Structures are given as C-alpha cells and as structure tokens.
Amino acid sequence: MTGAGSGKTAGSCQFRITLADMGRPAVFITGAAAGIGRSTALLFAAQGYQVGAYDIDEVGLGRLAADITGQGGSVHTGVLDVTNATQWAERLAEFHAAAGRLDILINNAGILRAGRFETLELAAHQAIIDVNLGGVLIGTHAAFRYLRDTPGAQVVNLCSASAIYGQPELASYGASKAAVKSLTEALDLEWERFDIRVIAIWPLFVDTAMTDGVQTGTTKSLGVRLTAQDVAEGIWEATRKRARLPRVHYEIGAQAKVLATAAKYAPNWAVRTVNKYFSGT
C-alpha cells in the first residue's frame, strides 16, 4: 500500500497524490515493480512527476511506493495485467481521476523466454506476443482519450536492439519487439494531429531479473552491459527532446547504436552475417 489518501478500489492501492499535486505532469508506467520500470518510476518521481506505477507484483509495488513517498514524491500504484483490457481501463481511469492528466504513458511491461524456437512450448511463444505486443496495443488504445486531452502528451514503447535483426534463440521476443517498432512508427504519424508523440526506446540486453539465467549465443558474445538506470535515464532524456526534425527511435548504449547503424546502412547479407557470427549459429 501507499500512503493515506483518497481511498482505493479493487486491484488498486491507495492514492498518495494530493490536491497540491494537481497540474504537475503525470506518467503512467507498466512493469514498474522491478528493473527498468522501477528505476524509471523513481527517476520521474524525483523530477517532480505524479507517478502511476503498475504491475502484477503487489509486493514490489509496495516497496517502490515506500521509496517514492519516503523521498517526498507522489505515487499511485495498482495491480495491472497488461493483457487484460478491463484492468487497463480501470487503472487508467483511477490514475487520471487522481492526477487530472496523462502526460506520458510508458509501455515497459514485458517478458522474455530464450531457447531454440522448436524447444519452447507454443504457450510460451504466445505469452510473449500477448504481453509484449498485446499489452502495448491494449494499453495505448485505452490511454488515447487521456493523452489526447493532455497537451504535448507522449507514449514511450520499450523495444529491443535484439529486434533490429531476428535473433536465434529469441525469435518470438524479437518478433514482438519488431511489431512494437512498427506500431510506434504508425501511431507517431497518426497521432501527430492530436499533439501526441510516440517513440521507441532501444536497449540491448539489460541487467535485470528478466535476463537472469538467459544464455544465448548473443548474450555470451555481446554480454549484458546495460543497467536499468541506464535505460531509465535514456527514457528521461528522450522525453525531454522535441526536436524540429521528429525522431522516433532512441538507441540506448554504444552496442545498440552500432547495431542500428549497421542495420540501416549495411547490405542485408552483411547484417545477416554479423548476426550469425554473434549468435554462434
């Protein structure tokens, strides 16, 4: 639970957002109980944002809320399964009622299962698509009405540099993130008329619980070099930039930037060869 406030509804923790907070920018973050989501919530709270932190992990959310309120920040937490459209509608409505606005939606929640395609159960592949793509699709659709009514609103989608070119042993994960890339690009064009900016964040492998125990050819050759804080800071910086020439994609870390540049300018056979080498296939 968070600190005392205006009460709660089923699946939602108590508000720690007061009338004094109204008018301050607001950010809604999925997968916020740990890893990238947690670091991002702490960073935005420290910068004065009203933070909506959502996850299926109630215990982790409680720890996050204690840390934010302990530093004088504003937070509202609630249980959210991003594949559940009803929960999305409820959590967004609750947060908007408390904050009065929705400046940034950060679609961070995701899962990863590694292994040869044929060795993973079909249910595992389907879960990856349902969470990593379906969760972004459902949430962004549900959030539109609140984003539209907040001037200069933004959507931040977590992609992955592993989706720049399909990665062996991460086939479904890469496919889900490649689909998020396409969705991001389309919505950034469609929603420009509503003054809604949609961007994608592209880290490679990040040292979080999601990569614990993951052993693929690519993780062995490239290593896991980024921290959750690195990505949180990248998200913060990307949401500060409203350049004259629109930018949609933000790579995090030197490796991701090199891989993205190579994929953009090198011939396809060369990109395939590089990926074949790094993955050990």
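Quick caveat: nothing in here was measured; it's all calculated off a predicted structure.
Leu43 and Ile68 end up in the same hydrophobic cluster when Ile, Leu, Val, Met, Phe, Trp and Tyr side chains are linked at under 4.5 Å. Leu137 and Val198 fall within a single hydrophobic cluster, where Ile, Leu, Val, Met, Phe, Trp and Tyr side chains are chained together by heavy-atom contacts under 4.5 Å. Hydrophobic cluster membership is shared by Trp236 and Leu158, with clusters built from Ile, Leu, Val, Met, Phe, Trp and Tyr side chains linked at under 4.5 angstrom. Cluster membership check: Val248 does not share its hydrophobic cluster with Val156, using side-chain heavy-atom separations under 4.5 Å among Ile, Leu, Val, Met, Phe, Trp and Tyr.
Each side-chain hydrogen bond (donor to acceptor under 3.5 Å, both in side chains) pair with one or both residues in residues 113-126, not counting sequence neighbours, appears once here: His125-Ser172. Residue pairs satisfying the side-chain hydrogen bond (donor to acceptor under 3.5 Å, both in side chains) criterion with at least one member in residues 185-196, sequence neighbours excluded, are listed as follows: Lys181-Glu185, Glu185-His249. Every pair passing side-chain hydrogen bond (donor to acceptor under 3.5 Å, both in side chains) that includes a residue from residues 141-158 is listed here, sequence neighbours excluded: Asn107-Asn157, Gln154-Arg197, Asn157-Thr184. Pairs engaging residues 30-49 under the salt bridge (charged side-chain N to carboxylate O under 4.0 Å, His left out) rule: Arg38-Asp67 [sequence neighbours left out].
Crowding of Ile56 atom CD1: a count of heavy atoms from other residues, nucleotides or ligands under 6.0 Å not exceeding 12.
Checked against Pro203 for a side chain to side chain contact (heavy atoms under 4.5 Å, CB included), the options Asp230, Ile252, Thr227 give a single hit: Ile252.
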What pairs of donor and acceptor atoms, side-chain ones from residues 78-85 against any protein atom, are under 3.5 angstrom apart with sequence neighbours left out?
residue	atom	partner	partner atom	Å
Asp81	OD1	Thr83	N	3.0
Asp81	OD1	Thr83	OG1	2.8
Asp81	OD2	Thr83	OG1	3.3
Asn84	OD1	Thr86	N	3.0
Asn84	OD1	Gln87	N	2.9

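Applying the side-chain contact (heavy atoms from CB on, under 4.5 Å) criterion to Ala26, with sequence neighbours excluded, gives Gln50, Phe95, Ala99, Arg101, Asp103. Legend: residues meeting side-chain contact (heavy atoms from CB on, under 4.5 Å) with Arg272, ordered by chain and number and at least two apart, are Tyr165, Lys276. With sequence neighbours excluded, the residues forming a side-chain contact (heavy atoms from CB on, under 4.5 Å) with Ala163 are Lys177, Ala178, Trp202, listed by chain and number. Under the rule for a side-chain hydrogen bond (donor to acceptor under 3.5 Å, both in side chains), Thr30 has no partner lying at least two apart in sequence or in another chain. Every residue meeting the side-chain contact (heavy atoms from CB on, under 4.5 Å) condition with Ala238, not counting sequence neighbours, appears here in chain and number order: Ile199, Ile201, Tyr250.
Ser182 places no side-chain N or O within 3.5 Å of a backbone atom of Ala179 that could act as its donor or acceptor partner. A donor-acceptor distance shorter than 3.5 angstrom exists from the side chain of Asn108 to the backbone of Gly31, with no hydrogens or angles considered.
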Run the salt bridge (Lys or Arg N to Asp or Glu O under 4.0 Å) check on Glu237 and Arg240 step by step: do they pass?
CA-CA 5 Å; Glu237 291 299 325; Arg240 302 307 97 193; over 6 Å; no
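By the 30° and 60° cut-offs, the orientation of the rings of Phe144 relative to Phe194 is perpendicular.
Between Thr77 and Tyr54, the closest heavy-atom pair is C-CE2, 4.0 Å. For the residue pair Gly139 and Leu105, the shortest heavy atom distance occurs at O-CD2, 4.1 Å. Contact between Phe28 and Leu102 at its shortest, heavy atoms only, is CB-CD1, 3.7 Å. Between Ala228 and Ile36, the shortest heavy-atom contact is CB-N, 3.7 Å.
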